Number of protein chains: 2
Amino acid sequence: MARWEPDARGRLLQAALDLFADQGYEATTAAEIAARAGLTRTTLFRHFADKREVLFQGQSTLVSTATAGVRSAPADASALEVLRCALRALADEHVPAQQEIGRRIDAIVATSPELQERAAAKRASIAAAVADALALRLGDPRPAGVLADLGVRAYYDGFAAWTGPRAGEPLAAVVLEELAALLAALSAALDPADA
Amino acid sequence: MARWEPDARGRLLQAALDLFADQGYEATTAAEIAARAGLTRTTLFRHFADKREVLFQGQSTLVSTATAGVRSAPADASALEVLRCALRALADEHVPAQQEIGRRIDAIVATSPELQERAAAKRASIAAAVADALALRLGDPRPAGVLADLGVRAYYDGFAAWTGPRAGEPLAAVVLEELAALLAALSAALDPADA
DNA sequence: GTCTATACAATGATAGAC
DNA sequence: GTCTATCATTGTATAGAC
């Protein structure tokens, strides 16, 4: 029998979601979150570097997943196929149970500049990881960066659709479809004669 | 004759650059920066919302500049031409005197995750401003977002080249050239048959 | 209108006990 | 792994000085 209740991190996330939704992010102290999770403030900061990371804990592995996803692509894959491998790897990190949590997190992040800043940093880290891994494969940082931006945009927009109207479909399918839509939109925008 | 030395913000920036380079960002307190600028801690926080903004003050107008740049484009301009208008507007915010400061800021930001987070948030804000303004013009958020990413990447990469090896050229020219290079790299990556 | 003095809540780090 | 306790610093709020 364990000396402590298990899953301290998950309990802290639930507590934070409840309190932030109730009182707002700024009005909620780290001590309150910890208390609601049955812990102390010190323990919260043992698990997370700061108050924001309680909310973003689900994204902590995405950077290494993105890198691994690029490296997992077959040796003869095209640049676009490599990008799709990375997106599939990222999408596989999420299960439908996270859709509800994702919605709640998004709603809270939208209320706080401090949280939006952390969200932007996370997205930038993932984009940089994809860009670096792709640059290594392609031998050229320019297409790598552009493709990484495209892929990360598809991933975020696809994730948003998956937590909303397209909750029933597999995340990977939604994301890859979004990537195709972005590429088509880009072609159309760059070559207006297509109209 | 003025009662106080002018340009408090500029003096705070100089003080921060010196101290951060000397002791590191974390080891430098807001009180030290203010003292070196001949001010008090209270006054620093009157001018800037937080310690990080002392460094990023030069980017405070870029979001509105980006929006204005998109709106300043001729009514019959293509999507790409509109994007170029925005980039020219952004580039015109900077003068060669900022090259040295830009280099010093970059070096310091590279040492601190907290500063990198702020930098990522600034970049994301500019990208979002361009994307929103473009979406309004194009009537479709998808190409707008992709083009905004492309443009912002060209702007940042161009700026980095301008503070380094291409210091002698006009920033706008470097950025627009970078945009062309990114577009060419993308085409080549998406259509490998071109080789 | 800009600067300063002071007090304050909260963050995040640290050291040591269970 | 958790807890108590303490500490410097951030960032805010409020007051007044030149």
Side-chain angles (χ1 to χ4, degrees), chain A residues 1-20 22-57 60 108-109 111-119 121-122, chain B residues 1-20 22-57 60 108-109 111-119 121-122:
Chain A
M1 192 160 149
R3 270 194 290 185
W4 303 281
E5 294 301 319
D7 194 22
R9 287 178 170 84
R11 289 199 327 273
L12 286 164
L13 173 59
Q14 284 299 330
L17 285 172
D18 292 345
L19 290 169
F20 292 166
D22 217 49
Q23 317 172 341
Y25 168 77
E26 302 217 319
T28 304
T29 68
E32 288 178 289
I33 300 167
R36 179 179 256 255
L39 297 167
T40 63
R41 206 184 76 100
T42 311
T43 306
L44 183 152
F45 283 115
R46 257 187 47 76
H47 284 282
F48 300 107
D50 55 46
K51 200 173 119 184
R52 285 168 258 171
E53 276 304 296
V54 179
L55 274 191
F56 289 103
Q57 57 180 289
S60 59
I108 292 164
V109 169
T111 69
S112 157
E114 205 172 329
L115 292 174
Q116 286 161 35
E117 188 161 309
R118 174 59 53 86
K122 294 275 184 191
Chain B
M1 194 162 156
R3 272 193 290 186
W4 300 281
E5 295 301 317
D7 194 23
R9 286 178 170 84
R11 285 191 342 262
L12 286 164
L13 173 58
Q14 285 299 331
L17 285 171
D18 292 345
L19 289 169
F20 292 165
D22 215 51
Q23 318 172 340
Y25 168 77
E26 300 217 322
T28 304
T29 68
E32 288 178 288
I33 300 167
R36 179 178 257 255
L39 297 167
T40 62
R41 204 185 79 101
T42 309
T43 306
L44 184 152
F45 284 114
R46 263 184 44 76
H47 283 283
F48 300 107
D50 55 48
K51 200 172 120 185
R52 304 185 266 300
E53 275 303 296
V54 179
L55 274 191
F56 290 104
Q57 57 179 289
S60 60
I108 293 164
V109 169
T111 68
S112 157
E114 207 173 330
L115 292 174
Q116 286 161 35
E117 188 161 311
R118 175 60 52 86
K122 294 275 184 191

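Every chain is numbered from 1, with letters handed out A, B, ... down the list of sequences. Owing to the predicted nature of the structure, the values given are computational and were not obtained by experimental measurement.
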Between protein and nucleic acid, restricted to nucleotides 9-12 of chain C and to nitrogen or oxygen atoms under 3.5 Å apart, what atom pairs and distances do you find?
| unit_1 | atom_1 | unit_2 | atom_2 | d |
| --- | --- | --- | --- | --- |
| C:dT11 | OP1 | A:Ala30 | N | 3.0 |
| C:dG12 | OP2 | A:Lys51 | N | 3.2 |
| C:dG12 | N7 | A:Arg41 | NH1 | 3.1 |
| C:dG12 | N7 | A:Arg41 | NH2 | 2.6 |
| C:dG12 | O6 | A:Arg41 | NH2 | 3.0 |

Which value, rounded to the nearest 0.5 Å, describes the distance between A:Leu39 atom CG and A:Arg9 atom CZ?
11.0 Å

Output the rounded distance in Å from CZ (B:Phe48) to C1' (D:dT12).
18 Å

Rounded to the nearest 0.5 Å, what separation is found between the OG1 atom of B:Thr111 and the CD atom of B:Glu26?
8.5 Å

I need the B:Arg118 CZ to B:Arg52 CZ distance, nearest 0.5 Å.
4.5 Å

Separation of C:dC3 C1' from B:Arg9 CZ (nearest whole Å)
13 Å

Kindly say if B:Thr40 contacts the phosphate of C:dT4, meaning a side-chain N or O under 4.0 Å from OP1 or OP2.
yes

Tell me: CD1 of B:Ile33 to C1' of D:dT10, nearest whole Å?
12 Å

Spacing between A:Asp7 atom CG and D:dT2 atom P, to the nearest angstrom
11 Å

Would you kindly give the CZ-to-P distance between B:Arg46 and D:dT10, to the nearest whole Å?
19 Å

Return the value, rounded to whole Å, for the distance between atom CD of B:Glu32 and atom P of D:dA8.
14 Å

Let me confirm one number: the CZ-CG distance from A:Phe56 to A:Leu13, rounded to the nearest 0.5 Å.
11.0 Å

Using a cutoff of under 3.5 Å, can you pull out all pairs of nitrogen or oxygen atoms linking the protein to nucleotides 16-18 of chain D, with atom names and distances?
| unit_1 | atom_1 | unit_2 | atom_2 | d |
| --- | --- | --- | --- | --- |
| D:dC18 | O2 | B:Arg3 | NH1 | 3.1 |

Pick from B:Ile33, B:Asp22, B:Asp18: which one makes a side chain to side chain contact (heavy atoms under 4.5 Å, CB included) with B:Thr28?
B:Ile33

Lys/Arg cation over aromatic A:Phe45: A:Lys51, 6.0 Å, 45° cone
no

Salt bridge check, B:Lys122 against B:Glu53: does any charged N sit closer than 4.0 Å to a carboxylate O?
yes

Got a second to check how far A:Leu17's CG is from A:Ile108's CD1, nearest 0.5 Å?
5.0 Å

Would the number of heavy atoms belonging to other residues, nucleotides or ligands and lying under 6.0 Å from CD of A:Gln23 be above 12?
yes

Would you say a side-chain N or O of A:His47 is under 4.0 Å from OP1 or OP2 of D:dT2?
yes

Measuring from the side chain of A:Thr42 (C-beta onward, heavy atoms only), which nucleotide among C:dT4, D:dG1, C:dA15 has the closest atom?
C:dA15

